[in-house]
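Have a look at this one before I ask anything.
In what follows, chains are A, B, ... by sequence order, proteins preceding strands, each numbered from 1.
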Protein chains: 2
Amino acid sequence: MTSQPSPRPETSGTPTSAAAGTRLDPWLDAYADRTHGMRASEIRALFAVANRPEVVSLAGGMPFLDGLPLDSLAQVAAQVVAQRGLQALQYGSGQGDETLREQILEVMALEGISAHPDDVVVTTGSQQALDLVTRVFINPGDVVVAEAPSYVGALGVFRAYQADVVHVPIDEHGLIPAALEETLTSLAAAGRQTKFLYTVPNFHNPAGVSVSLERRPQIVEIARRHGVLVLEDNPYGLLGFDRDPWPALRSYDEDGVIYLGSFSKTFAPGYRVGWAVAPHAVREKLVLASESAILCPSNASQIAISSYLSTCDWRSQVKSYRELYRERRDAMVGALAEHLPEASWTVPDGGFYTWVRLPEGLDAKDMLPRAVTARVAYVPGTAFYFDGTGRDHMRLSFCYPTPERIREGVRRLASVVSAERELVEMFGTGTTDEPADDVVAPAPDVL
Amino acid sequence: MTSQPSPRPETSGTPTSAAAGTRLDPWLDAYADRTHGMRASEIRALFAVANRPEVVSLAGGMPFLDGLPLDSLAQVAAQVVAQRGLQALQYGSGQGDETLREQILEVMALEGISAHPDDVVVTTGSQQALDLVTRVFINPGDVVVAEAPSYVGALGVFRAYQADVVHVPIDEHGLIPAALEETLTSLAAAGRQTKFLYTVPNFHNPAGVSVSLERRPQIVEIARRHGVLVLEDNPYGLLGFDRDPWPALRSYDEDGVIYLGSFSKTFAPGYRVGWAVAPHAVREKLVLASESAILCPSNASQIAISSYLSTCDWRSQVKSYRELYRERRDAMVGALAEHLPEASWTVPDGGFYTWVRLPEGLDAKDMLPRAVTARVAYVPGTAFYFDGTGRDHMRLSFCYPTPERIREGVRRLASVVSAERELVEMFGTGTTDEPADDVVAPAPDVL
């Protein structure tokens, strides 16, 4: 997958990639400017290894699907084709199936959103919605303000459209309103146009924190006052472990917030169905952009999701996911406390991730090859910063491995950290100030 | 759907659109430059009417699916979930399912293409492949050379990326090599960078013609000599009425041609599965661009298509489509000869469309509202030219309506043309030289 030759660990199982990387590219001079920034991150080569069964991957963001009622879902899939096949197999509306858009309103009502089906645009996963919003708003050089850290897949899209991302710090209550105010003010003073604020307010990827109830209206108010649109990305909002969902930012301001939702984590990602809810005129642009990008989302996928929502107990499925992931969160933080007490980490009350700060002097990016050799994988913090900082952090996912595997993974990680600390004590800090270069294309293995 | 208030025919059944168009857009100043070119074409409002059952639509490019074996396909869909659900419902590879990519090689072998599964990128319909190729190559102002006329959905993508399209004339044997040579030479002399040649060599949309066997290697050679990539878009290649498929342009030059294929017309569009085959380094860029755009194509869709290919007789299905569409082509050209002898038209030997030149002085775009009132719809020729010319042509589709409906549609069209000619004779030509503005977002209803 690498487009440039790059050092690979000896254990790599992808010989074709290296051979590929050495071929000449006769079309190199023909690429658009934006394309020269597209390259596979070095960590991608490592993840090819991390996906081997002997490695405990705490890296990926794949939901754990083994509990899904496959027999019922198979019946649903059969009925979609047998009873509604001429619609399911045909082209559909660019905006998405109307019945599904109505059902999406029910899902969003759980977070205090009231909208009209006309406001909803169905997309090929919420990643496509991110792409469309960025396409509609971003000229090269425009500013996107985003949490520090931010979802790697969003940063990749912003880079693909040649945006400049300015990070705003967060704490255990999420995005800090005073810091947002200061950033927007100084950007305006510098004459830079901030197009939108990108935020994951619930069970943040990668930080695991949520924006507090008190801060939500404050953030919306600050953005509105500065004339900055809010892009609220909410794949995990229904997956709280100990509480019902909090009101979406969208519930505070219909005209100033684009909300992105997804069935990938609350049901399953394989149908690739997400959505955007946007102010009316913006929604029209998103539909036109989506028609240009894919003509229309899959009717087969949409009708499968729609039938699932109407014939299966999706609320119970969400509840069972919440319990499943809570148990894994507990395994993760328990193991961290037992084996890595010298680190610090967030204790998420929902979602898929915890954000770990390494002991002083350690570099998560440099350490990754040694961790993979020790059969444990994670995503280095550098992936989540536009400026390549974050070497002192790593993201650990607890969504996919079983609690037993999570504990084993953290044990392995602890031994790698321990060996790394000895090296640092002997030879001095391994941390470099050189920015990393991880924010490239997002990929399923580093969701 | 219109983003600007625009005159709508009184018969329009979409009252919300007009209301929508009059709302103020608070985010107008925040859009990217490319977004100001995105608007729904005026003809979109008409197609909302054209989709009513009392209207014979010769406008849309929807395949006719009634002959598909829905019961078998329902079984396939059920097995996909029951037996491979944990894979089908999960995230997948950004490049696409490997088994499906191998099967795609078998399909392409029918057109003389030999490739490796690594060369194939699965996309959300071939529209997404068009979008990705354009994203990877086009800076604002770059030139795309394309047939005159060209597929409206491709022109929409090129416009979305702010390309400039230069048309090259075609005749009954397709793209004219001497004209291509001349165009590329004069573009180079003018110092303009031509990024690629976009062509639909088989059963052209909208013109209904195919590039002759003799011209295929000539076109590839001219492009190569000028250092211009060829983008070969081939949704209809297997749907010849009287002959086996001709060799793809890709079969003459692996390093200089990006080939796009699709299951939308040879099977069904509802799964949204298409693909690109590209030179190696370009393929890597396409995968990275696709990961940024959608993370990965739908596993559920890909595995459904893959299972269809391996368990159903897809070659017989293609054969039955060829017979179905041949019968409809015959109905179309027969009715044109009977009712519209004063026009001229192409007689396609495959695909979905015929391209009709109206009698002198008639304007297909101006006539459309009157045609819709007479309960027949078509796509005016202006949709297929980047410069808004083409008012003297219309595209008629014979793919979806039954032969009886096709004959009725052409009868209605003939009476509209006849009334229009009387007006022209009385009041002079209705044709204006003013360029039309139809090349906007493509949409399922004007495929």
| Closest approach of B:Trp27 to A:Gly256 (non-hydrogen atoms, all atoms of both residues) | CZ2-CA, 3.8 Å

| message | Please classify the contact of A:Ala82 with chain B as side chain, backbone, both or neither, using a heavy-atom distance under 4.5 Å. | response | both

| query | Do the side chain of A:Asn139 and the main chain of B:Asp33 share a donor and acceptor less than 3.5 angstrom apart? | reply |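 Yes, because the side chain of A:Asn139 sits within donor-acceptor range (under 3.5 Å) of the backbone of B:Asp33.
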
| message | Does any part of the side chain of B:Arg135, heavy atoms only, come nearer than 4.5 Å to the side chain of A:Asp131, both counted from C-beta? | response | yes

| said: For chain B, which candidate among A:Val228, A:Leu132, A:Thr194 shows the most heavy-atom pairs at distances under 4.5 Å? | reply: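 Looking at each of A:Val228, A:Leu132, A:Thr194 in turn, A:Val228 comes out on top.
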
| said: Counting heavy-atom pairs closer than 4.5 Å to chain B, which one of A:Leu229, A:Val273, A:Thr124 comes out on top? | reply: A:Leu229

| field | Contacting region of A:Thr123 [heavy-atom separation from chain B under 4.5 Å] | value |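 Neither part.
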
| request: Go through the steps to decide whether A:Leu86 and B:Leu68 satisfy the test side-chain contact (heavy atoms from CB on, under 4.5 Å), and finish with yes or no. | output: CA-CA 9 Å; A:Leu86 294 185; B:Leu68 284 176; 5.8 Å; no

| task | Give the member of A:Ser298, A:Pro140, A:Ser301 that has the highest number of heavy-atom pairs under 4.5 Å with chain B. | result | A:Ser298

| What's the shortest heavy-atom distance between B:Pro269 and A:Leu89, and which atoms? | CD-O, 3.0 Å

| query | So, A:Lys195 and B:Asp29, do they make that salt bridge, N to O below 4.0 Å? | reply |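 The answer is no: the pair does not qualify as a salt bridge.
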
| Hey, what do you get for CE (A:Met38) to CD (B:Glu291), rounding to the nearest 0.5 Å? |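 Interatomic distance, A:Met38 CE to B:Glu291 CD, rounded to 0.5 Å: 11.0 Å.
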
| request: Please flag which part of A:Phe196 lies under 4.5 Å from any non-hydrogen atom of chain B: side chain, backbone, both or neither. | output: neither

| request: Under 4.5 Å heavy-atom distance to chain A, tell me which part of B:Ser126 shows up: side chain, backbone, both or neither. | output: neither

| task | Mind checking side chain to side chain donor-acceptor pair (under 3.5 Å) for B:Tyr31 and listing every partner two or more places apart, or none if nothing turns up? | result | B:Asp25

| query | Is it the backbone or the side chain of B:Gln193 that comes under 4.5 Å from a heavy atom of chain A, or both, or neither? | reply |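 Contact with chain A: side chain only.
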
| query | When only pairs under 4.5 Å are counted, which of A:Asp66, A:Val136, A:Asp142 shares the most heavy-atom pairs with chain B? | reply | A:Val136

| said: With rounding to the nearest 0.5 angstrom, report the CD1 to CG distance, B:Ile294 to A:Leu130. | reply: 13.0 Å

| Quick check: does any side chain N or O of B:Gln127 sit under 3.5 Å from a backbone N or O of A:Ser292, one acting as donor and the other as acceptor? | yes

| task | Identify, with sequence neighbours excluded, every residue that meets side chain to side chain donor-acceptor pair (under 3.5 Å) alongside B:Ser290. | result |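 Here the qualifying residues are B:Gln128.
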
| What part of A:Gln83 gets closer than 4.5 Å to chain B, counting heavy atoms only: side chain, backbone, both or neither? |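 Neither part.
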
| said: How close do A:Ala78 and B:Ala78 get, counting heavy atoms only, and between which atoms? | reply: CB-CB, 3.8 Å

| Between B:Asn299, B:Asp71, B:Val282, the one whose heavy-atom pairs under 4.5 Å with chain A are most numerous | B:Val282

| field | Residue pair A:Tyr91 / B:Gly61: nearest heavy atoms and the distance that separates them | value | CE1-O, 4.2 Å

| field | CA sep, side-chain torsions, deciding dist, call: B:Tyr400, A:Gln90, side-chain contact (heavy atoms from CB on, under 4.5 Å) | value | CA-CA 11 Å; B:Tyr400 195 77; A:Gln90 190 54 274; 3.8 Å; yes

| What part of A:Pro279 gets closer than 4.5 Å to chain B, counting heavy atoms only: side chain, backbone, both or neither? | side chain

| Do A:Arg34 and B:Phe137 pass the side-chain contact (heavy atoms from CB on, under 4.5 Å) test, and can you show the C-alpha distance, the side-chain angles, and the key distance before you say yes or no? | CA-CA 9 Å; A:Arg34 69 177 74 83; B:Phe137 284 99; over 6 Å; no

